[in-house]
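Just so you know, these numbers use all the heavy atoms, side chains as well, and skip hydrogens, waters and symmetry mates. Order of the sequence lines fixes the chain letters, A, B, ..., with proteins taken first and strands second; residue numbering starts at 1 for each chain.
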Amino acid sequence: MRPEPATPNRPLRMLKTALSRYWGVIAVLVIWQAWVSISGVNQIVLPQPVDVFRDLVAEPGIYLRNAGQTLLLAALGLILGMLLGTVIAVLAWSSTLLSGILTPLGLVFSSVPVVALIPVIARIMGYDLKTVLAIVVIISFFPAFVFTSAGLKTLPPGSSDLFRVLGASRWTRFTRLVLPSAVPSWMIAFRLAAPPAVLSAMLAEFLMGTSGLGYLFRSAASGFQTERALGTSVVATVISVLCFTFALWAERAVLRKWN
Amino acid sequence: MTDASSPVAHLSPVRPATETAIDLDHIGKSFRMENGRELVAIDEVSLKIGKGEFVALLGPSGCGKSTILRLVAALEAPSRGRVVVEGREPEDLSRAHRLGVAFQDHALLPWLTISANVALPFQLAGRSVDRKRVEELIRLVGLAGFEQARPRQLSGGMRQRASIARSLVLHPDVLLLDEPFGALDAVTRRQMNVELQRIWTDERITTLLVTHSVEEALFLADRVVVMSGRPGRVIKTIEVPFERPRQPAIMRSAEFHDLVDELTLALEPEEAA
Amino acid sequence: MIALSQERWRGIVLGAFGVLLFLGLWQLIGVNRWAGLTWPPLTDVLTFLFNPSRRALFGRAMSASFSMIALGYVTGAAIGIVLAGIAHLVHPLRPGLDRLASVVHAIPAIALAPLFIVMLSREMTGMAIAALNVFFVIYVATTSGLVASTAAHRDLFQVFGASPVKRLMRLDLPAALPAIVSGLKYAVPAAFIGAILGEWFGSSRGLGLLMVSAMQNFQIPLLWSAVLIASTASLLVFAAMSVVEHLVYRRYR
């Protein structure tokens, strides 16, 4: 390490680091502000940030209640979807027949816009909360299945059926060798699946108009409450960024322990 | 520009060098390791290479001989001392596109044909491609007929031939060869040595060859410089007495074998004791 | 070419069996009404879809959606490649562009929709969200691809005195091509998702609008047809990109 220059420069250095990391984000915000100022967009169409903030502070209950519900459904759906994807991936790994059938199907589904299935699922299951949950489970299932399968493939495939693998003597082999080798891929799947889980929960709420952030957004937008709609955007962004950051942190923490 | 393009067909003196082409003046190179300790790769090396001279750097792996080549190529900067090539900083030479280089890794671009790979230095120098020169070199290294092949379709030896052709295509002032045949089998390697000797005798470019093969150094070079391992130092220098062009038969001569023994002894003093 | 290994054949047969099994289950559930009236048999959907009287309806929706998807795909890919190139050439800009890409990726499309509706238009919102989705995938693929060249190649270019632009054009970009093409493949479904989402927020045409209105009006075969069209189109483009990817990998690696 090189000796650091005198301490008075420290705030300056921190500013420089922050600037080098966030100049892109700042530039976008500046361009946006400049565009709004120059083009003089009507305030009803696009309110000032201050108005959005005022609405957020004035009605925290509405935001918190809906955000809490969305977050809960997204988290629960993500966990269930990941579990389901992992179990199916292990089943596929344990039998060459199953993996031969399921792997191409997994590829097909990861090459289509799965989010477009939301209206179909909503229609089949009906407009309620368990449908939102089911949608998040299905959306989270695919990355979990695809990545866990890829992680398990680094090992020789299970030549026999699952029960032989899970037989008393094999249980240790499975937990000591098979599962650990899939953990890094599993964490990647978790990080990749977290933002879509939140997004798909909100989209389901938006389309069905039940409750939660998506519903709040829809009712605000249709009632021309632009501050409320943008406030919802802000809350949604914060939740999404938090989830992504948490997933990233979890991935790094687990991988550090793993290696 | 040199006149190296005109082949010197006749027998010329073994040591025509009078002018210094490469001057390593008390150079040293240290690397800082991850644990904070300093690793001295080259302790103190002084070496002058004359214009048109072929010098082989011989040494065990990790003795810093490749580092010396990288200093001349301006791929690294010395920690101590000074490197002067053709009276200038090494960087000036590479920026003027007057260096030729071939590594142990052939470093051919997989998406280009052999012909396009050999022509690459023209494009990197921003010059129009001299088709005749490219063809001539491809023929010279024995790859005629493979112009449109891709590197992956060729054997290791053929790839190295293309790599040698590429290093020579611009008529460089200085040729740097870093174990160019290190990954080849013994038979192919000897064959490549014979051909490189033939091509070099025509072009007479100032050359620095890094190798760990005693026979290769003796057969190709005018002068062999032996380095010791960690930290790298010059421990022995011998002038090679064989006249050019050299025939493979000299490798079977008693004189050649004596020199091989002498150099091997210098490389492995502890085994002799 | 024809002499595929036994393992390949097995994979193809099992894969085809899996897809047929899926389609068969779809049909079976629909015919027996196991999932209610909202799950139509595959044959009903296909009959509905290929009925000549609906050609105009689907044609309009497809041309609206596909043009937005294509525009968003090309725009997003171009911005992604150019910004990754800038980040590669001008190193101090790299951390800022990396952060911008990940922040853009973390903002849910639903939050950006009102902005795009105001700044562009309802019709262009799908294009913009598709472009953002594609941008992220391509930016990440390109920045990682641009450092894929080997150390020996970089040394070679330096010794031959290549300028930074020459190095980018003749070494870094060709070496990045496999990664970029893989990115372009994975960006296909992302572009479809973006455009369809955008249409959900009040576009007056397109497959996305068809899905939402069919869902709300219980037009079950129409709903499934719209989803089937979008999925099949995405799958076909994805498959085409896989072929391109295969060719590029063969030549550039």
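Formation of a donor-acceptor pair under 3.5 Å by the A:Ser111 side chain with backbone atoms of C:Leu235 is not found in this model. Not one N or O on the side chain of A:Arg21 forms a donor-acceptor pair closer than 3.5 Å with the backbone of C:Pro95.
Proximity of C:Phe22 to A:Val108: side-chain heavy atoms (C-beta onward) are nowhere separated by under 4.5 Å. With contacts defined as side-chain heavy-atom distances shorter than 4.5 Å, the pair A:Phe244/C:Ile107 does not qualify.
Both the backbone and the side chain of A:Ser20 come within less than 4.5 Å of a heavy atom of chain C. Looking at A:Ile239, neither its backbone nor its side chain comes within 4.5 Å of chain C, counting heavy atoms on both sides. Within the 4.5 angstrom heavy-atom criterion, atoms from both the backbone and the side chain of A:Pro113 approach chain C. Using a 4.5 Å cut-off between heavy atoms, A:Ala116 contacts chain C through both its backbone and its side chain. Both the backbone and the side chain of A:Leu207 come within less than 4.5 Å of a heavy atom of chain C. Residue contact with chain C, scored on non-hydrogen atoms closer than 4.5 Å, is absent for A:Ser99. Of the atoms belonging to A:Val28, it is side-chain heavy atoms, and not backbone ones, that fall under 4.5 Å from chain C. For A:Val198, no part lies near chain C; criterion is any non-hydrogen pair under 4.5 Å.
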